[in-house]
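One structure is given below, encoded as C-alpha cells.
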Number of protein chains: 2
Amino acid sequence: LIEMHELTRVYQLGPQDIYALRGVDLNVGHGEYLAIMGPSGSGKSTLMNIIGCLDSPTAGKYILDGTPVESMKDDELAAVRNKKIGFVFQTFNLLARTTALQNVELPLIYARIPRAHRRELAEEALNAVGLGDRMHHQPNELSGGQRQRVAIARALVNKPSLLLADEPTGNLDSQTGREILDLFRALYNRGNSIIIVTHEDDVAKEARRIIHLRDGRVLD
Amino acid sequence: LIEMHELTRVYQLGPQDIYALRGVDLNVGHGEYLAIMGPSGSGKSTLMNIIGCLDSPTAGKYILDGTPVESMKDDELAAVRNKKIGFVFQTFNLLARTTALQNVELPLIYARIPRAHRRELAEEALNAVGLGDRMHHQPNELSGGQRQRVAIARALVNKPSLLLADEPTGNLDSQTGREILDLFRALYNRGNSIIIVTHEDDVAKEARRIIHLRDGRVLD
Ligand SMILES: Nc1ncnc2c1ncn2[C@@H]1O[C@H](COP(=O)(O)OP(=O)(O)OP(=O)(O)O)[C@@H](O)[C@H]1O
Ligand SMILES: Nc1ncnc2c1ncn2[C@@H]1O[C@H](COP(=O)(O)OP(=O)(O)OP(=O)(O)O)[C@@H](O)[C@H]1O
Ligand SMILES: [Mg+2]
Ligand SMILES: [Mg+2]
C-alpha cells in the first residue's frame with residue numbers, strides 16, 4: 001500500500017535548515033495496523049502529513065497503492081484524500097462556526113453522498129464515538145476530548161481504506177479511549193489499514209507492528 | 001487556598017440546560033499537589049477555568065486565598081490571573097503570529113518586568129522545557145508536543161503560587177513528559193500549589209491526592 005524510500009522533509013527557517021525527516025524508508029502492506037512512536041519533535045506528524053498527501057517531501061519517493069504520489073494531478077490527490085484516507089489530526093482541525101454534525105458530514109459532501117443518507121451516516125458516526133447528545137454543539141461548546149472524538153468520527157465516516165490517526169487518544173480517559181480503539185479494530189478487521197501515532201504503550205500494542213522515529217529517522 | 005462550596009456551572013444551549021458542574025465541594029490547602037481525573041466531558045476543564053478565575057459559576061461559592069472571587073474587581077482578578085496563577089490550557093491557546101519566546105514573555109509583560117530581565121526569564125523557561133533551539137519558531141512551525149511545552153513554559157515563567165495544568169502531557173512521549181513532571185515537582189517543592197487534570201494514572205500518582213469527577217460531580 002505504501003512504499004517510501006529515502007523520504008526527506010526539510011523546513012527552511014531563515015538561514016537554518018531543519019530536517020524534520022531524514023531519509024525515511026517505510027513499507028506498509030494492505031490491511032496492516034502500524035503504530036509510530038518517538039519523542040516530541042521527532043517527525044511523526046510530518047511523516048503522517050506526507051503519507052496523507054497533505055504535504056510533499058523535499059526529496060525521496062512515495063508510492064501509494066502503486067502510483068508515485070508526485071505524479072498525481074490535483075483532482076486525483078483530492079479523491080485520494082477525501083475517499084481513500086481518513087485523517088485524525090493531532091490538533092483536530094474542526095471548522096469553528098459549524099456543528100459537530102456538519103463537521104462530520106464534510107467528507108460525505110466531497111464524496112457526493114445524497115443529503116438524507118449523509119445525515120444518517122454522520123449521526124451514526126457520532127453515536128459510535130459516544131456523542132449522540134452533542135451533535136448540534138459547535139467545537140467551542142465541546143470538551144477537549146469531545147472535539148477529539150468529532151475529529152475521529154469525521155475520519156471514520158467515509159469508511160476509509162487507510163486511517164491515519166495522530167495521537168487520537170491524547171485527550172481521552174482510558175474508558176473512552178478503549179471505545180475508540182475498538183472502533184479502529186473493527187475497521188481493521190474489515191480489511192482496512194491503520195497507521196496510528198501514539199506516545200502511549202497501551203495504545204501502541206493494539207497495532208501489529210511498531211516503528212520508532214528519532215530525529216527524523218526510523219530506528220532499526 | 002481554595003474553598004469551593006456547591007459550585008454549579010450550567011450552559012444554556014437553546015432550550016436545553018447542560019450541567020457541566022453540579023454542586024462541587026472542594027477544599028485545597030496551600031502547597032498541595034492535587035490531581036483531577038474523570039471521563040471525557042465530566043467537567044474537569046470547566047472546574048479548572050473557574051478555579052483560574054477565567055469563568056464564573058452559575059451558583060455556589062468560590063473563595064480564593066480568603067477572598068470571595070465574585071467580590072473581586074476587574075483589576076484584582078487580572079492581578080490574580082497574571083501573577084498568582086499559571087495556566088496550561090488543554091488546547092494551549094498560544095498567539096499565532098508570535099514566536100515561542102514572545103508567547104512566553106507575555107505574562108512577564110503584564111507583571112511589568114523590565115525588558116532585558118523578561119527576555120532572560122523567558123529563555124530560561126524555554127530551555128527548561130527543552131525548547132532552547134525553537135525559541136524563534138511560531139506555533140505553526142512547531143510540533144504538537146512543542147506547542148504544549150511552550151504553553152507550559154508560559155505558565156511557569158512567572159513562578160506562580162498556583163499552577164493549573166489541564167492535560168499537560170497529553171501530547172508528550174514519556175521521556176519528555178517526565179521532564180515536565182520534574183519541573184512541576186520542583187515548583188511544588190518550593191511551596192507552591194499544583195492542580196493537574198490528567199487521564200493518565202502515571203501522571204496522577206505524582207500528586208499527593210487524586211479526586212474523580214463524573215457528570216459534573218466529585219465522587220467520594
Ligand atoms: N459552551 C458550552 N455550551 C454547552 N455545553 C458545553 C459548553 N462548554 C462545555 N460544555 C459541556 O460541558 C461538559 C463539560 O465540559 P468540560 O470541558 O469541562 O469537560 P472535561 O472533563 O474537561 O472533558 P475532556 O476530558 O474531554 O477534556 C461537556 O459535556 C461539554 O459538552
Ligand atoms: N513549518 C516549520 N518550520 C520549521 N520547523 C518545523 C516546521 N514544522 C515543524 N517543524 C519542526 O519539525 C520537527 C518535526 O515536527 P513534527 O510535528 O513532525 O514532530 P512530532 O514527532 O509530530 O512531534 P510531537 O510528538 O511533539 O507532536 C519539529 O522539531 C518541529 O519543530
Ligand atoms: Mg506530532
Ligand atoms: Mg477538558
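Note that the structure is a prediction, hence the values are computed from the model and not measured. Every chain is numbered from 1 and lettered A, B, ... according to where its sequence line falls, protein lines coming before strand lines.
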Using distance alone, with no hydrogens and no angle check, list the donor-acceptor pairs under 3.5 Å between chain B and chain A.
from	atom 1	to	atom 2	distance (Å)
B/Ser40	N	A/Asp173	OD1	2.7
B/Ser40	OG	A/Arg149	NH2	2.8
B/Gln90	NE2	A/Asn171	OD1	3.1
B/Arg149	NH2	A/Ser40	OG	2.8
B/Asn171	OD1	A/Gln90	NE2	3.0
B/Leu172	O	A/His199	NE2	3.2
B/Asp173	OD1	A/Ser40	N	2.7
B/His199	NE2	A/Leu172	O	3.2

Do you know which of B/Pro39, B/Gly177, B/Gly14 has the most heavy-atom pairs under 4.5 Å to chain A?
B/Pro39
Does any heavy atom of chain A fall under 4.5 Å from the side chain of B/Leu172, the backbone, both, or neither of them?
both
Given heavy-atom pairs under 4.5 angstrom as the criterion, report whether the side chain, backbone, both or neither of B/Leu142 touches chain A.
neither
